[in-house]
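Below: the structure, in structure tokens.
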2 protein chains.
Amino acid sequence: MAVTQSAESRYTKPVLVAINKPLDEEDGLEALRSHALFRSLKAHDLDYLIQQSRRLRLGHHQLLYRQDMPAHHFFFVISGRLRLYRLDSSGIDRTLDSIAPGDCFAEVMIYADPPRYACYAEALKSSEVLMIPVKAYQDLLDRHPEYAQAALRHYAMRAVTRFHDLEIMTVQNARDRLIRYLIDLLPNGALEGGEVELPLPKCLVASRLAMQPETFSRILADLKSNGLVRVNRSKLFISDPQRLIEISQ
Amino acid sequence: MAVTQSAESRYTKPVLVAINKPLDEEDGLEALRSHALFRSLKAHDLDYLIQQSRRLRLGHHQLLYRQDMPAHHFFFVISGRLRLYRLDSSGIDRTLDSIAPGDCFAEVMIYADPPRYACYAEALKSSEVLMIPVKAYQDLLDRHPEYAQAALRHYAMRAVTRFHDLEIMTVQNARDRLIRYLIDLLPNGALEGGEVELPLPKCLVASRLAMQPETFSRILADLKSNGLVRVNRSKLFISDPQRLIEISQ
DNA sequence: GCGAATAATTGAGTTAAGTCAACTACTCAA
DNA sequence: TTGAGTAGTTGACTTAACTCAATTATTCGC
């Protein structure tokens with residue numbers, strides 16, 4: 001079984017102890033300025049938002065928030081990598097997303113009522129995130145309605161991405177789900193091959209695709225033996241995505 | 001197999017022949033005025049949008065748009081019911097969503113680049129939809145940035161809903177996915193039981209939940225024989241949702 | 001209201017994927 | 001550098017879900 005420990009286990013260190021760095025430090029925030037949610041903000045408004053925010057360092061496997069916790073903040077990943085997951089009552093852990101540097105997450109909670117996190121978030125390796133108060137961002141939007149336009153585009157694209165994720169999951173067999181997942185990792189729409197890096201350890205990719213790690217391993221071994229992918233740790237080389245697409249379906 | 005015909009078959013009538021009703025007709029548009037995307041609009045702005053739109057009548061199984069078609073419009077359901085689905089190259093049809101009167105769909109395409117429909121849309125019964133030009137809506141937002149606030153809320157909630165749909169699909173067994181789906185159909189958070197109506201024919205609920213119709217039928221028969229649901233056509237009576245939740249997981 | 005078409009159910013047999021277990025290969029921290 | 005703890009792989013076996021087929025219900029257009 002993938003990762004079946006409860007949120008209290010070592011896998012997710014129990015307490016969020018944020019290490020604040022001085023607020024005025026800029027390193028790592030360049031990407032923030034070019035993010036869809038923020039790039040239209042005037043410099044002093046973005047500075048205000050950053051001042052209202054806290055910089056957090058998270059250790060490997062450290063828990064950032066729990067599902068159902070009141071959501072007073074949303075987050076921007078400065079460095080490292082996080083994953084979003086849910087725990088059900090039997091302790092099964094289902095991975096829903098992985099978040100890379102330059103991405104925001106939990107930003108949709110700004111408009112939820114009541115605002116509660118829909119899942120757990122934990123660092124997959126040591127990471128740094130900016131913790132942005134929902135209220136500060138909302139105030140900014142209230143004062144500057146014109147900022148909502150750029151945010152709108154971001155939210156619409158988020159909904160499109162989630163729809164696409166859902167679409168993959170309606171594929172009924174594990175092999176084809178995995179193939180679809182790999183194709184989506186390729187840049188430029190799978191027109192040409194290339195090397196992709198799995199954004200999660202294999203056992204968590206398996207969880208994300210609703211299959212057991214053993215099944216994931218066997219499918220990948222099979223694709224490998226058919227010359228469809230070459231595997232090097234978490235890096236996969238796909239020479240002919242079209243052939244991969246053909247054998248699925 | 002659920003519905004495996006191609007889009008050209010009788011199941012999805014090939015040509016969209018819209019029957020326009022006079023633009024000034026108001027009946028059925030009350031719900032539009034209270035929709036999150038439109039309720040903050042001043043009356044004359046909404047009237048303008050309606051004037052720019054066309055009212056379409058769709059027959060049973062009639063196709064509204066195809067995946068990958070350029071998306072110049074989005075839609076509001078006045079009456080009837082539609083479903084969103086995708087077709088893959090082997091002709092397998094995977095249902096992704098059903099849309100009820102009072103709902104919008106394809107509205108996220110406003111911000112896609114290039115704007116193309118991500119799936120097929122067809123009427124599940126004879127239906128009436130309002131076909132809203134993306135450009136008209138965008139112009140309205142450009143002229144009135146304050147309207148973006150309400151739209152933002154709608155888009156954020158859409159993303160939350162899609163995330164939740166994705167979450168169900170990461171449940172690894174068919175029975176528990178079905179139970180989760182039923183629980184979500186219940187109003188007031190499954191605190192009390194009640195009757196729910198399947199928003200899709202059973203074979204399409206099965207498709208939506210990535211299982212075969214036979215599997216759906218067998219699971220439902222089993223739940224029925226255990227006294228967990230009573231089934232009457234597309235209406236299900238769930239007396240004790242907590243017990244249903246307990247047996248899942 | 002009739003009849004054809006589609007949807008739903010049920011049974012029997014098959015297969016994909018899960019489970020359990022053993023083992024190997026990493027990773028990370030002391 | 002080492003060793004403990006995870007992650008990943010592989011084999012053997014089991015089971016949930018799929019497939020195919022037959023039958024019964026239901027729906028919808030005429």
Side-chain angles (χ1 to χ4, degrees), chain A residues 1-5 9-13 59-62 83 90 92-95 122-126 170-179 198 200-225 231-236 248, chain B residues 1-5 9-13 59-62 80-81 83 90 92-95 122-126 170-179 198 200-225 231-236 248:
Chain A
M1 186 143 301
V3 178
T4 55
Q5 295 102 333
S9 79
R10 196 215 53 70
Y11 198 79
T12 47
K13 290 176 188 169
H60 188 211
H61 286 150
Q62 192 174 354
R83 76 170 173 126
S90 56
I92 290 171
D93 158 327
R94 289 175 291 120
T95 298
E122 68 155 28
L124 287 169
K125 48 183 167 181
S126 81
T170 62
V171 171
Q172 283 193 37
N173 68 83
R175 162 187 278 251
D176 291 351
R177 281 201 304 280
L178 174 52
I179 290 176
L198 296 176
L200 295 162
K202 288 172 183 169
C203 68
L204 296 181
V205 174
S207 159
R208 170 67 183 72
L209 296 175
M211 67 182 77
Q212 294 300 320
E214 294 94 328
T215 302
F216 179 94
S217 182
R218 279 186 250 266
I219 292 170
L220 206 57
D222 181 63
L223 294 179
K224 203 162 38 171
S225 76
V231 182
N232 184 333
R233 316 258 178 142
S234 68
K235 289 190 172 65
L236 310 186
S248 76
Chain B
M1 184 145 301
V3 180
T4 55
Q5 295 101 332
S9 79
R10 197 215 55 67
Y11 196 79
T12 47
K13 292 176 188 169
H60 186 210
H61 286 150
Q62 192 175 354
R81 188 171 284 272
R83 76 170 174 125
S90 55
I92 292 170
D93 158 329
R94 289 175 292 121
T95 298
E122 66 155 29
L124 287 168
K125 50 183 166 181
S126 83
T170 62
V171 171
Q172 282 194 39
N173 69 83
R175 161 187 280 251
D176 293 351
R177 280 200 305 279
L178 174 51
I179 290 175
L198 296 175
L200 294 163
K202 288 171 183 170
C203 69
L204 296 181
V205 175
S207 159
R208 171 67 183 74
L209 296 174
M211 67 182 76
Q212 294 300 317
E214 294 94 329
T215 302
F216 179 94
S217 182
R218 280 185 248 265
I219 293 169
L220 205 57
D222 182 63
L223 294 178
K224 202 161 37 170
S225 77
V231 182
N232 183 332
R233 317 256 176 145
S234 68
K235 290 189 170 63
L236 310 186
S248 76

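Predicted model only: the values in this text are computed from it and were never measured. Throughout, protein chains are lettered first and strands after them, A, B, ... in sequence-line order, and every chain is numbered starting at 1.
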_Distance, nearest 0.5 Å, that separates OG of Ser207(A) from CD of Gln212(A)_ = 9.0 Å
*Calculate the interatomic distance between Asn232(B) atom CG and dA8(C) atom P; express it in whole Å.*
14 Å
*asked:* Nearest whole Å is fine: how far is dA8(C) P from Leu223(B) CG?
replied: 17 Å
*Shortest non-hydrogen separation from Gly59(A) to Ala123(A) and the atoms involved*: O-CB, 3.4 Å
*Tell me: CG of Leu124(A) to C1' of dA7(D), nearest whole Å?*
14 Å
*With rounding to the nearest 0.5 Å, note down the distance linking CD in Gln172(B) to CG in Leu209(A).*
10.0 Å
*Arg81(B): what forms a side-chain contact (heavy atoms from CB on, under 4.5 Å) with it, not counting sequence neighbours?*
Ser98(B), Ala100(B), Leu124(B), Lys125(B), Pro199(B)
*Rounded to whole angstrom units, what separation is found between the NE2 atom of His61(B) and the C1' atom of dG29(D)?*
13 Å
*asked:* Which heavy atom of Arg208(A) sits nearest to which heavy atom of Leu200(A), and what is that distance?
replied: CB-CD1, 4.4 Å
*Write down the atom of Arg233(B), the atom of Val231(B), and the distance for their closest heavy-atom approach.*
O-CG1, 3.7 Å
*Measure from CD1 on Ile92(A) to C1' on dT19(C) and round the result to the nearest Å.*
12 Å
*Rounding to a whole Å, what distance do you find between Arg83(B):CZ and dA7(C):C1'?*
13 Å
What N/O pairs connect the protein and nucleotides 22-24 of chain D at under 3.5 Å? Give each pair on its own line.
none

Measure all distances between protein nitrogen or oxygen atoms and nitrogen or oxygen atoms of nucleotides 20-22 of chain C, and list the pairs falling under 3.5 Å.
{"residue": "dC20(C)", "atom": "N4", "partner": "Glu214(A)", "partner atom": "OE2", "Å": "3.2"}

*asked:* Rounded to the nearest 0.5 Å, what separates atom CZ in Phe216(B) from atom CG in Leu204(B)?
replied: 10.5 Å
*Just by modelled atom types, is the Asp176(A) backbone N or O under 3.5 Å from a matching donor or acceptor in the Asn173(A) side chain?*
yes
Strictly under 3.5 Å: I want the nitrogen or oxygen pairs between protein and nucleotides 24-30 of chain C, one per line.
{"residue": "dT27(C)", "atom": "OP2", "partner": "Arg233(A)", "partner atom": "NH1", "Å": "3.0"}

Taking only nitrogen or oxygen atoms into account, show me every contact under 3.5 Å that the protein makes with nucleotides 15-17 of chain C, one pair per line with its distance.
{"residue": "dA17(C)", "atom": "OP1", "partner": "Ala174(A)", "partner atom": "N", "Å": "2.6"}

*Provide, to the nearest angstrom, the distance between the NZ atom belonging to Lys202(A) and the C1' atom belonging to dT10(D).*
14 Å
*Does a donor on one side chain sit under 3.5 Å from an acceptor on the other, for Arg83(B) and Thr95(B)?*
yes
*Quick one: Glu122(B) CD to dT6(C) P, roughly how many Å, whole number?*
13 Å
*Which pair of heavy atoms, one from Met211(A) and one from Ala174(A), lies closest together, and at what distance?*
CE-O, 3.3 Å
*Find the distance between OG (Ser126(B)) and CD (Gln62(B)) and round it off to the nearest 0.5 Å.*
10.0 Å
_Gap between atom CD of Glu122(A) and atom NE2 of His60(A) - 0.5 Å precision_ = 8.0 Å
*Bend angle of the helix from dG1(C)-dC30(D) to dA30(C)-dT1(D), end axes from five pairs each (to 10°)*: 70°
_Looking at Thr170(A), is its backbone amide N or carbonyl O close enough to the side chain of Arg94(B) to form a donor-acceptor pair, meaning the two atoms are under 3.5 Å apart?_
no
*Output the distance between atom CG (Leu236(B)) and atom CG (Leu220(B)), rounded to the nearest 0.5 Å.*
6.0 Å
*Quick one: is dT27(D) close enough that its OP1 or OP2 comes under 4.0 Å of any side-chain N or O from Lys125(B)?*
no
